[in-house]
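Right, one structure below, let's go through it.
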Number of protein chains: 2
Amino acid sequence: MRQAKPGRTDRQLSPEKTAAILEGGMQEFLTHGYAATSMDRVAIAAKVSKATVYSHFQDKESLFIALIQRLVEQRFQSIFGTADEQILQMPPQVVLRNFANRALDIGTTEPQFLNFMRLILGESGRFPQLARAFVRNIEQTAFRRLCHYFTHCPQLKLSDPEATARIFVGAVVHFMIVQEMLHGKDILPMERDRIVDSLIDLIVEPPLTDKFDTGCNTVSGG
Amino acid sequence: MRQAKPGRTDRQLSPEKTAAILEGGMQEFLTHGYAATSMDRVAIAAKVSKATVYSHFQDKESLFIALIQRLVEQRFQSIFGTADEQILQMPPQVVLRNFANRALDIGTTEPQFLNFMRLILGESGRFPQLARAFVRNIEQTAFRRLCHYFTHCPQLKLSDPEATARIFVGAVVHFMIVQEMLHGKDILPMERDRIVDSLIDLIVEPPLTDKFDTGCNTVSGG
DNA sequence: GTCTATACGGCGATAGAC
DNA sequence: GTCTATCGCCGTATAGAC
């Protein structure tokens, strides 16, 4: 509990070995979970001796915390892409679809991210500080970016942009959790476009527009 | 792997001890997770000897599977309440609010359910059959009940009730995951009513109604 | 600073008494 | 059928050689 990161132990530790240990530990923790990961396999995966692992990190828990913190703050923080300054000129349907598809792509193309979320969720009771770091760096990033867009997009007049952003992210993330993480696509198949289309319809389009033309809708056509 | 449930071993096993082992195992697995749970503590929690545990269940994995299956199929299956036949006469706002509040109450009043979900999510990679059982018995139940309502409620004309049901459940469950399971309420406080209100607004109310009266909306007022 | 070798306890699973 | 006692293994963490 004295230290979570190296550099302040006694002498000078090799940064390359530190990186190797973090990399090896990531493989093991993401694959087997926290409790089922042994420091022996971490050392083997990092190609160092077990004593070297313990000279860089005080114990298993310190290594795990340092590792997850790094994943949360660096590796998986930018999953929602960089802020695009031109999105305000694009149609909201396109912006929201891109946002949802980028998030959903991660669940289908990056199995490591699924294991990362499994670890965060599964250990959120025993490592609440890691869960909070995840919320701050991943969830809040998505909320804020989307909420900023909802607030500044001239076509959208939402009564509660903040809550709407949470609804959007929640629907998308939960879909990913059920379909990919919990293997729901095997038993409850559902095309992602139906979720995204319905979400966009609920948030962007007036619900009567495509059913019959009332002749008084000032938004469509112009 | 030969057997997951007792009763077919060799002779006659005590059903009370079986129940005690399942109960003790539930406490241990829900508290410490799968890998960190020892069969010794399961035996102590069940107040039997370890050999008795192994006479009722072949190994740790069989006990875990039998236990989670039972939780999925019995203990936590009815969290969305029994079907109310009178809901079609109630206003959709009330029905949806009750549905959401009932689900969100579980996250705040039943910490065991949070640990149960942590276990399912965290072990979904190593025990995919348990994740699928969770989807079939919990998620699908919520989807179906809500989808049935969306389809039969005369006030609601949704283009894709099935996708809308997933969005509704997803937004609610994800809110519970972030706020309660991941301790997000400590750092991203948000009243649940804002989520529920916004969801109801998006699904039930025509978005233009309360902003300005266009005079050509044939739904509101009659 | 990094390695090999080891201490020591807890783990899952089993044998044998009754 | 349930218990006590035990096996063999692997866990974390450390000591001492270089």
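By convention in this document, chain letters (A, B, ...) are assigned in the order of the sequence lines, proteins followed by strands, and residues within each chain are numbered from 1.
Scored by the salt bridge (charged side-chain N to carboxylate O under 4.0 Å, His left out) test, B:R118 finds no partners at all (sequence neighbours excluded). Residues passing the salt bridge (charged side-chain N to carboxylate O under 4.0 Å, His left out) test with B:K47: none are found, sequence neighbours excluded. In this view, B:R144 satisfies the salt bridge (charged side-chain N to carboxylate O under 4.0 Å, His left out) rule with no residue, not counting sequence neighbours. With sequence neighbours excluded, the residues that form a ring-ring contact (aromatic ring centres under 6.0 Å, His included) with B:F127 are B:Y34, B:F64.
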Could you write nucleotides 3-16 of chain C as a row of B, S and -, 5' to 3', where a protein heavy atom under 4.0 Å of any base atom gives B, of only sugar-phosphate atoms gives S, and otherwise -?
-> BB------SBBBB-

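Distances shown here put every side-chain N or O of A:H56 at or beyond 4.0 Å from the OP1 or OP2 atom of C:dG1.
Note: CD (A:E28) to P (D:dG11) measures 11 Å, nearest angstrom. The nearest whole Å value for the distance from the CZ atom in A:F57 to the C1' atom in C:dT2 is 15 Å. Going from atom CD of B:E16 over to atom P of D:dG1 covers 14 Å, rounded to whole Å.
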Side chain to side chain contact (heavy atoms under 4.5 Å, CB included) between A:T141 and A:I79, intermediate numbers included = CA-CA 10 Å; A:T141 299; A:I79 60 171; over 6 Å; no

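Residue pairs meeting the side-chain hydrogen bond (donor to acceptor under 3.5 Å, both in side chains) criterion with at least one member in residues 127-138 of chain B, sequence neighbours excluded, are A:D186-B:R132.
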